[in-house]
2 protein chains.
Amino acid sequence: MVRRTKEDAMETRAKLLDAAEALFSENGVTHTSMMQVAEKAGVTRGAIYHHFENKMDLIESLMGRVKLPIDEMREQIAEGSEFDPMVEIKGRSKEFISRVQDDPQVRSLASILLHKCEYIDEVNPIKLRHVSGRNECICDIEKLFESAIEKGDLATTVDARIAVIGLFSLVDGLIYNWLLAPDYFPLVEYGNKAIDSYINGLIR
Amino acid sequence: MVRRTKEDAMETRAKLLDAAEALFSENGVTHTSMMQVAEKAGVTRGAIYHHFENKMDLIESLMGRVKLPIDEMREQIAEGSEFDPMVEIKGRSKEFISRVQDDPQVRSLASILLHKCEYIDEVNPIKLRHVSGRNECICDIEKLFESAIEKGDLATTVDARIAVIGLFSLVDGLIYNWLLAPDYFPLVEYGNKAIDSYINGLIR
DNA sequence: GAATATACATACATTGATGCATGATTAAAC
DNA sequence: GTTTAATCATGCATCAATGTATGTATATTC
């Protein structure tokens with residue numbers, strides 16, 4: 001059976017991306033062959049090379065397919081009409097780790113980004129997406145911190161940029177360590193309290 | 001020239017480990033071949049397979065060679081006669097990130113652990129060392145937090161275990177993000193302040 | 001100093017993965 | 001309905017990396 005309908009083609013493409021996502025997040029990017037991806041998707045390697053140029057192109061498509069929670073956060077902040085910037089910051093951070101814990105696809109992506117790939121050079125699409133997404137998001141939340149400082153909600157010694165980077169590091173570290181051994185601690189419960197502590201340390 | 005003296009052999013072994021460490025931390029573990037390691041060390045692959053069984057054995061030796069800062073921290077805590085546990089905790093954390101920034105070998109190892117390898121399965125020696133070292137260290141510092149709580153130095157609502165995991169995540173996250181793009185922020189300066197904020201949030 | 005073991009170099013055999021070229025079948029375009 | 005083009009399968013050529021087997025010269029042992 002070949003030359004299936006255009007919808008079928010899109011479906012196999014999606015299946016390939018699903019298979020790649022699952023295999024990458026489980027066995028690592030370099031330890032997953034095109035053959036394995038094809039088998040898991042129920043096709044042959046020919047199908048892959050029809051839809052994608054090579055492995056890197058496959059990864060790029062994979063990364064571009066889903067909205068990272070970091071991206072959603074940005075959108076919601078853009079359209080957000082919350083009044084209290086600190087409430088906003090705390091809420092977004094907690095929602096972030098909550099998504100990682102509960103949404104399988106987000107968790108897979110996070111696992112790939114944090115544990116299942118090697119950041120070999122600067123042009124690596126995975127690293128590029130990771131870094132650029134991070135930097136943009138940091139800039140956005142930095143503004144929230146600045147308005148919180150203007151409102152006088154934070155201690156006068158607090159620097160917005162340092163505060164953001166600390167918060168991001170805390171959240172990244174929580175997810176990193178949780179994915180390393182999910183049974184070791186409950187992400188959302190412990191993470192929420194750790195975030196509270198950190199934010200609390202910035203106030204007054 | 002073959003059958004060199006026993007000291008020479010230890011030297012080539014050390015050179016091989018140095019070469020592997022440099023290449024792994026720069027290009028990633030799986031993207032580095034035995035051939036490249038041998039070339040960088042100035043020998044052939046035969047030398048590698050004489051000293052090590054295979055790549056995984058090479059990695060194990062590499063990881064076992066240096067004392068991770070996390071290990072040193074444990075030793076110093078064991079022999080430490082400090083009085084104030086919170087001062088101890090804060091000092092150790094800051095010394096940790098300071099070592100990562102200033103000691104090239106520690107930085108290389110951290111880079112390999114955080115960015116240049118894939119955690120493919122549970123028996124992976126890199127992951128094993130990372131996780132076991134982390135868990136032991138967490139247990140140690142947890143005790144310090146407990147004694148701080150007993151002394152009444154922390155808010156009564158603080159749970160020692162959650163506090164440790166938060167602190168570890170913060171430190172890991174700082175190092176992770178700094179290694180991702182070292183020019184983006186100064187690790188020690190920002191890291192120290194972020195740690196202060198977090199610890200501050202636990203007090204009172 | 002003869003025998004043996006060590007420290008590598010060299011060569012080869014094997015494997016797994018990639019990328020491409022080609023083939024087959026049918027949907028889509030006209 | 002014919003032509004075209006798309007969707008995938010199949011087969012092949014290539015290559016890089018591994019592991020091992022073997023060779024060689026020298027240190028070490030006795």
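Bear in mind the structure is a predicted one, so any value in this text is a computation, not a measurement.
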Side chain of B:Thr44 - closest among D:dT7, C:dA9, C:dT6: C:dA9
For atom CD of A:Glu11 and atom P of D:dT7, their distance in whole Å: 14 Å
Euclidean distance, atom CZ of residue B:Arg13 to atom C1' of C:dT6 [Å, nearest integer]: 15 Å
Selected nucleotide, minimal atom distance to B:His51 side chain, candidates C:dC8, D:dC8, C:dA28: C:dC8
Whether B:Lys116 side chain and B:Thr30 backbone form a donor-acceptor pair below 3.5 Å: no
Any B:Asn192 side-chain heavy atom under 4.5 Å of B:Ile97 side chain: yes
OP1 or OP2 of C:dC8 under 4.0 Å from side-chain N/O of B:Thr12: yes
Distance in angstrom units between B:Lys6 NZ and C:dC8 P, rounded: 13 Å
Over 12 non-hydrogen atoms of neighbours within 6.0 angstrom of NZ in B:Lys94: yes
Pairs flagged by ring-ring contact (aromatic ring centres under 6.0 Å, His included) wherever residues 98-117 of chain B is involved - sequence neighbours left out: A:Tyr119-B:His115, B:His115-B:Tyr176
A:Asp8 CG to D:dA5 P, straight-line distance once rounded to whole Å: 21 Å
Non-hydrogen side-chain atoms of B:Met63 and B:Leu109 separated by less than 4.5 Å: yes
C:dT26 OP1/OP2 closer than 4.0 Å to side-chain N/O of A:Thr5: no
Note, B:Pro182 side chain near B:Leu187 side chain (heavy atom, < 4.5 Å): no
Any B:His50 side-chain nitrogen or oxygen under 4.0 Å from OP1 or OP2 of C:dT6: no
Residue pairs passing the salt bridge (Lys or Arg N to Asp or Glu O under 4.0 Å) test where at least one lies in residues 16-28 of chain B, sequence neighbours excluded: B:Asp18-B:Arg65, B:Glu21-B:Arg65
Rounded distance in Å - CD (A:Glu7) to P (D:dT7): 12 Å
Length of the CZ-C1' vector between A:Phe52 and C:dC20, whole Å: 18 Å
Base versus backbone protein contacts along nucleotides 17-24 of chain D [heavy-atom cut-off under 4.0 Å; B, S, -]: SBBB---B
Nucleotide D:dT7, atom P - distance to CD1 of A:Ile48 in whole Å: 16 Å
Interatomic distance where CZ belongs to A:Arg4 and C1' belongs to D:dA6 [whole Å]: 13 Å
